[in-house]
Amino acid sequence: MKDLSRQNLDVTTGAALGSKLHPPTLTAGMLPRHKLLEALNKVPDWRVLLLRAPAGYGKTTLMSQLFARLTHNGAHCRWLTLDPRDDDLNHLLTHLQAVIGQPYPGQSQESLAMPHMPDLGFWLNNVERLPEAQVLFLDELESVQEPAALALLNRLLRFAPDNLRIVIGTRPESGLALGRMKASGLVLEWSARQLRFDSNETSAFLHGSGGSNAVPAAWHALLSERCEGWPAMLRLSSLALNRSEAPQGFLEVLQDGASDLAEYLAGEIFDRQPAEQQSFLLHTSVLRYLEPGLCDALCAIRDSAQLLHEMGRRNQFVIPLDNARNGAYRYHPLLADFLRTRLDRLHPGMAQQLHRKAALWLEQHGQLIEAIGHAMEADDPGFAAGMMERAAKQLVKAGNLATLLQWVRRLPSHIADDHPDIVWAAARAHTYFHQIDEAEARLRQLFSLAESRPFAPLVWEDCLALEALIPAVAEDVGQVMEVTTRNLSKVSGDYALGIMTNVRAFGEIAMSHFDAALELLDRADHHNRKASNLFGMSATVGLRAAAWATRGELHRAMACYTGIDVRTPPADHAQIEYASIGSGLHNEILYEADRLDEAAAVLAIHTPAEEGYLAMGLLLGGYLTAARLRFVQGEVNEAMAMLDEALGRAMVRRFHRLAFACRWEKVRFATLSNQLRVATTLAAAAQHEPQDAHFYFTTDVEARDITWIRLQIRLGNPQTMLPLIERLLKEARALDRGWRALKLSIMRVCALDAIGQSLAANEELAAAMAVGSRQGFIRSFADEGDAVLARIGHWLSGRDALPQGVVRDHAERVLQAGGQSVPTGIDSPQETSPEPFNPREREMLRALAQGEQNRELAVRFQISENTVKWYLKNLYAKLDAHNRAQAIARARCMRLIE
């Protein structure tokens, strides 16, 4: 397996810090926790081990010992130490991916050499693909505080594949939500009560077992009583008391209680060190990770590696993070806090100078996020701004937008506003987070700056690309076309060209110029790949899918996400996986094809309501699909509540189109559930939308007009709707908007049915079914209820041939999606089983019986391996089976397969 832990990855992917990817090295002074390790052996079914206790209770030490034991026994263990930088999802996912370090099987050499956008689904698939059982250790989880990052970690725990166990070390105030897993008996939790030393361990430690120096016997009883098994206090006490008579002050503090004991002991240990070592400890106390080269730079010495190694060997002050002699270390949190306080007291202002030196060294070595983090602590906004300006474009390309925006907000505005690259990066981040007003204000700042100083050519090109991107995110198609017409010929760099070509393609799709758009997207893909523009690459995939879906070519649209259709330009799996998550259109397509389990799996792992990641309108389908899944399950109130929640979020974030969509989707739900009075009230309220809240995106197939038509038909006004339907249908066909035309054809069926023109309704439905069967459209028919389903049921139950163009399998799928049973007749024998199995599930059972593995199933069904796992779990539940062999045997007994 390729080891990425010591590699400084290209900054466009976000540098993975090797120091975070190793457990602390076990030293002779650590007391083995045999009792706890043996207790764990008695609970073989644990999936998550949660160590939740305050600092100093030995969480990291126990995790390191468990890591070593499991590794010795043949397990494949991975380690990640979390820190506050992991509040940025991209930073967190980058390090998770580095923990595994697995390329996707079958990736081309070209795609292997390219960076990819880190993604939870991609990570879970990679872990599941590993043949052996895996154990992931997550230490210092309390460092992560942002809701979005915690939500991601919660989903990682919930959807961890069967071959993954997780060990977590955290303080009591962590924000994990493990209630569901605890109720299922999958979580084993140990608190300070379990982690503290018991009497035997305390005695063993004080006597020097495990290689530690023995504590004078006269102190044993008092330390045992006062420290109450607190491992850190016992460790500090042993260091303070070793080889000397304890000072009277120590006795007084110990007898008074342990409130000031940590600071006192740290001081006692620190004051006994040689002056050179004290200086080293103070100068390096500002660092989170002690890398020898960086320590040399801060202390103006050349032997940091030797000094760190010697302190680690003596188990004094530092905790080694790998086995290499010149590897990285870190301070124990209690000692680190003490050292920083002592530094500020003894040398006021020195910490800021040290942060500055650390920032420059880290920047020189390509660790940009850590470098700017130190620069922000140097109390010199101009210095920090200069470093941010040099790194701005790389951080934007790497996706570290949340972190970047936090830094910009910490800088004084007059300093940040004087740096064009920082202003541009802030505008880019605001655009991604759909903060349009803020992005436009930043763009105006850029143009104002450009009037007073010359911009470098590529900086100016980035500004022009941003000028096009903002109206695209705001879905102002007229402005998109105007800006790209004016500026596209003025840019030549791949980064700006990739963005602007994507934006122009968006405008062409909105204007139904699909061939032109697809040609542009091929060019955009070329430029985005050359520039390693990860956002641009994923947007290209989503826009290409939008073009095909709008035309009504559902299979081609789905192929953009699966990469299976050879007619679709090739894209590496990492790009496809991220795009399939980042685009709510994928969810809409899955819903339309009645692949509800897959849509649920995608939404469960990648919730669209995630704070901080409310992006452009391509995400909108995720919100609608999440509510629709509840609606088709009969949970109307829950579906309405989900839309209300999304509506509130949209209002706060000024995402007008999402608010518009939620209001009209509520009208749709009320109409389809025959709550016509409610639907009428909701529609009247939704009519009074602000002018800028238009529903104007490339893939809209059921905008205000179709929802309004459906309601009017059910209110008894079908005759007046027919001319409108005819006009809109003619327009949709002329514009090659096939999905919308299909929806309007179905509306015509409903209108004709309502006025009693049964023959015409039959003909219209048969023509629509012929179109729908070729591309796999299901829900557009099934959701309309009796006007459509009753006719299909009548066709399937009769002895006559089906109407021309109607495919039996497609008709049966529509009927089943509508919640109705397929009639048993001469042409349609019914198999019986205790639980209904749809055709897709039966096909999967047949594939299982033929021995196909998850990867082969993914290719066959054009889904991800993560979704295959979701399907298999559902099948096992229906069959009351626990594995493949049982599932196949049960399916044969039930005559589901031969």
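Because the structure is predicted, anything quoted here is derived from the model rather than measured.
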Sequence neighbours excluded - ring-ring contact (aromatic ring centres under 6.0 Å, His included) pairs with any residue from residues 744-779: Trp739-Phe777
Side-chain heavy-atom pair Phe506, Val477 within 4.5 angstrom cut-off: yes
Heavy-atom donor-acceptor pair, His555 side chain to Arg774 backbone, under 3.5 Å: yes
Heavy-atom pair of closest approach, residues Ala683 and Val667: N-CG2, 3.6 Å
Any residue meeting salt bridge (charged side-chain N to carboxylate O under 4.0 Å, His left out) with Arg628, in chain and number order, not counting sequence neighbours: Glu665
Heavy-atom side-chain contact between Asp753 and Leu765 under 4.5 Å: no
Non-hydrogen atoms of Ala557 and Ile589 that approach each other most closely: CB-CD1, 3.6 Å
Euclidean distance, Met844 CE relative to Leu872 CG, rounded to 0.5 Å: 6.0 Å
Candidate pair Glu726 and Arg748, rule salt bridge (Lys or Arg N to Asp or Glu O under 4.0 Å), full reasoning: CA-CA 8 Å; Glu726 295 289 353; Arg748 189 166 186 272; 2.4 Å; yes
Check against side-chain contact (heavy atoms from CB on, under 4.5 Å), Asn762 and Leu752: CA-CA 9 Å; Asn762 277 339; Leu752 292 169; over 6 Å; no
Considering all heavy atoms, the nearest Ser745-Arg733 contact: OG-NH2, 3.4 Å
Minimum heavy-atom distance Ala670-Met640, with the two atoms named: N-CE, 3.8 Å
Beyond-backbone contact of Leu815 with Glu812, side-chain heavy atoms, under 4.5 angstrom: no
Side-chain heavy-atom pair Cys750, Arg714 within 4.5 angstrom cut-off: no
From CA spacing to verdict: side-chain contact (heavy atoms from CB on, under 4.5 Å), Val187, Leu157: CA-CA 10 Å; Val187 178; Leu157 292 169; over 6 Å; no
Point-to-point distance, once rounded to the nearest 0.5 Å, from CE of Met642 to CG of Leu624: 10.5 Å
Leu796 and its side chain to side chain contact (heavy atoms under 4.5 Å, CB included) partner, picked from Leu802, Val806, Val814: Leu802
Leu742 and Phe781, any side-chain heavy atoms less than 4.5 Å apart: yes
Side chains of Leu728 and Met747 in contact at under 4.5 Å (non-hydrogen atoms): no
Approximate separation, where rounding is to 0.5 Å, of Glu645 CD and Leu647 CG: 11.0 Å
Smallest separation among heavy atoms of Ile725 and Leu744, with atom names: CG2-O, 3.6 Å
Separation of Glu592 CD from Thr625 OG1 (nearest 0.5 Å): 10.5 Å
Leu711 side, atom CG; Thr680 side, atom OG1 - distance, nearest 0.5 Å: 4.5 Å
Val807 side chain near Met769 side chain, heavy-atom distance below 4.5 Å: no
Residues Glu784, Arg710; criterion salt bridge (Lys or Arg N to Asp or Glu O under 4.0 Å); working and verdict: CA-CA 9 Å; Glu784 295 306 325; Arg710 178 188 293 108; 2.8 Å; yes
Aromatic plane relationship, Phe631 with Phe669 - under 30° parallel, 30 to 60° tilted, over 60° perpendicular: parallel
Asp594 vs Leu596 side-chain heavy atoms within contact, under 4.5 Å: yes
Asp705 with Lys743: basic N within carboxylate O range, under 4.0 Å: no
Nearest-0.5 Å distance that lies between atom CG in Leu729 and atom CD1 in Ile746: 11.0 Å
Polar side chain donor-acceptor pair, Gln775 to Arg556, under 3.5 angstrom: no
Heavy-atom closest pair, residues Ala547 and Ile509: CB-CD1, 3.9 Å
Exam field: side chain Arg779 to backbone Glu588, donor-acceptor pair closer than 3.5 Å: no
Full working for side-chain contact (heavy atoms from CB on, under 4.5 Å) between Leu724 and Ile709: CA-CA 8 Å; Leu724 176 59; Ile709 287 168; 3.9 Å; yes
Test side-chain contact (heavy atoms from CB on, under 4.5 Å) applied to Val473 and Ile436, step by step: CA-CA 8 Å; Val473 173; Ile436 304 301; 3.7 Å; yes
